[in-house]
Amino acid sequence: MPELPEIEAYRMLAEQLALDRPIAEVQAPDAWYLKGGTDAASLRSALVGASLRRARRRGKVLYLDADPAAVVSLRFGMTGRLVVDDVAGVGDLLYSTRRQDAVYDRFGLVFADGGRLVVRDPRRLGGVELDPAEDRLGPDARTLTVAELRHALAGGSGPLKARLMDQARLAGIGNLLADEILWRAGLSPLRPAGELTPAQLRRLRTHIVGTVERAIDRGGSHTGDLMIARRRGGCCPRDGTPLARDQVGGRTTWWCPTHQR
DNA sequence: ATTGTGGCCTGCCCGC
DNA sequence: TGCGGGCAGGCCACAA
């Protein structure tokens with residue numbers, strides 16, 4: 001599903017293909033998909049005649065900066081893709097259908113040249129917002145510092161994994177990346193978030209940034225080394241221990257009780 | 001304030 | 001072989 005690495009691919013696609021093309025039409029056929037009080041009329045008013053100048057990303061949110069000034073945020077849930085001129089930002093998406101069907105188009109910008117930027121999301125778990133509040137998200141996981149991580153985890157009594165996936169504290173980590181990061185860092189997903197030693201904090205920060213960067217290079221959050229074992233009967237690729245399967249933060253969590261402490 | 005839970009959405013997989 | 005109940009999880013509303 002789209003986590004930070006997939007959204008980064010979408011951002012690059014938008015930067016490559018969608019900038020500086022005057023917008024002729026806004027397609028917003030699904031009012032449910034418009035969030036934060038946004039409606040189709042306000043989107044048209046802000047965007048028709050404008051052009052996109054920049055595509056930014058913070059965590060799992062893609063921001064399109066338009067000129068005259070307007071910002072559109074795109075969230076992709078777990079099955080959303082970005083498609084520009086029929087070029088998809090990523091290939092297969094875990095848990096999403098491979099069908100490329102226009103009935104799943106939830107939002108679109110039609111350019112004056114006839115091309116199109118589309119959010120294609122079968123399960124409608126994503127959303128579009130005009131001029132969103134961007135400070136609802138924590139610092140981006142790709143460029144996370146130790147100080148930022150310390151602050152994100154401070155005072156937390158809940159499980160470490162739940163904090164890592166809290167987008168308001170740390171933006172970009174989803175369920176698959178969280179499992180992979182904690183597995184690589186050798187930390188239990190269940191340990192209290194606020195009780196890491198300075199050395200563990202540094203180690204975790206290294207693995208967050210490193211795992212994210214590697215997933216971007218390798219083409220997605222499903223490319224981690226733990227992923228092949230993330231199934232019933234799966235064993236730890238590092239030490240062969242049968243993996244534990246728990247619900248942590250409401251999410252299915254696969255982890256190694258031997259080397260994750 | 002923080003933490004936990006349920007529901008939304010839909011395609012697909014597994015077991016009967 | 002066909003069918004239907006779970007399952008997947010990002011995110012939000014809500015409860016404690």
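Quick note on labels: first sequence line is chain A, next is B, and so on, each numbered from 1.
- In this structure, A:Asp179 contributes its side chain and A:Thr253 its backbone to no donor-acceptor pair below 3.5 Å.
- In terms of position along DNA chain C, the nucleotide closest to A:Thr252 lies nearer the 5' end than the nucleotide closest to the other residue of the pair A:Val61 and A:Thr252.
- What separates CD1 of A:Ile173 from C1' of C:dG10 is a distance of 14 Å, to the nearest Å.
- With sequence neighbours excluded, the residues satisfying side chain to side chain contact (heavy atoms under 4.5 Å, CB included) with A:Asp239 are A:Cys236, A:Thr241, A:Cys256, A:Thr258, A:His259.
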Worksheet entry | Summary of protein contacts for nucleotides 1-8 of chain B, nucleotide by nucleotide, where a base hit scores B, a sugar-phosphate-only hit scores S (4.0 Å, heavy atoms) | -SSS---B
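- The nearest pair of heavy atoms linking A:Leu176 to A:Ser221 is CB-O, 4.0 Å.
- By the ring pair (Phe, Tyr, Trp, His ring centres under 6.0 Å) test, A:His151 pairs with no residue at all, sequence neighbours left out.
- Contact annotation: A:Arg230 side-chain N/O to C:dG9 OP1/OP2 distance is under 4.0 Å.
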Could you write out each protein N or O paired with an N or O of nucleotides 14-16 of chain C at a distance under 3.5 Å?
none

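- In this structure, the CZ atom of A:Arg124 is 18 Å from the C1' atom of C:dA8, given to the nearest Å.
- Atoms CD and CG, on A:Gln27 and A:Leu109 in that order, are 8.5 Å from each other to the nearest 0.5 Å.
- Residue pairs meeting the ring-ring contact (aromatic ring centres under 6.0 Å, His included) criterion with at least one partner in residues 33-56 of chain A, sequence neighbours excluded, do not occur; the list is empty.
- Listed by chain and residue number, A:Arg11, A:Leu19, A:Arg54, A:Ala55 satisfy the side chain to side chain contact (heavy atoms under 4.5 Å, CB included) test with A:Glu15 (two or more places apart in sequence, or in another chain).
- Take A:Arg75 and apply the side chain to side chain contact (heavy atoms under 4.5 Å, CB included) test, not counting sequence neighbours, and it matches A:Lys35, A:Val61.
- Under the salt bridge (charged side-chain N to carboxylate O under 4.0 Å, His left out) criterion, the residue pairs touching residues 133-143 of chain A are A:Glu8-A:Arg142, A:Arg56-A:Glu134, A:Arg57-A:Asp140, A:Glu129-A:Arg136, A:Arg142-A:Glu213, with sequence neighbours excluded.
- If you measure from atom CG of A:Asp105 to atom P of B:dC9, you get 19 Å, rounded to the nearest angstrom.
- Atom CZ in A:Arg232 sits about 14 Å away from atom P in C:dG6, given to the nearest Å.
- Residue pairs meeting the ring-ring contact (aromatic ring centres under 6.0 Å, His included) criterion with at least one member in residues 54-84 of chain A, sequence neighbours excluded: A:Tyr10-A:Phe76.
- Pairs of residues two or more places apart, or lying in two chains, never qualify as ring-ring contact (aromatic ring centres under 6.0 Å, His included) while including a residue from residues 124-150 of chain A.
- Contact between the side-chain N/O atoms of A:Lys35 and the OP1/OP2 oxygens of C:dC12 is not found at any separation under 4.0 Å.
- Taking atom CZ of A:Arg231 as the reference point, atom C1' of B:dC14 lies 16 Å away to the nearest angstrom.
- Nucleotide B:dC9 holds its C1' atom 11 Å from the OH atom of A:Tyr33, rounded to whole Å.
- Contacts of A:Pro192 classified as side chain to side chain contact (heavy atoms under 4.5 Å, CB included), with partners at least two apart in sequence or in another chain: A:Glu195.
- Direction of the helix axis in the helix from B:dT2-C:dA16 to B:dC16-C:dG2 shifts by 50° between the two five-pair termini, rounded to 10°.
- In this entry the distance linking CE of A:Met165 with C1' of C:dA8 reads 13 Å, nearest Å.
- Note on A:Tyr104: every side-chain N or O is 4.0 Å or more away from OP1 and OP2 of B:dT10.
- The CE atom of A:Met78 sits 4 Å away from the C1' atom of C:dG9 (whole-angstrom rounding).
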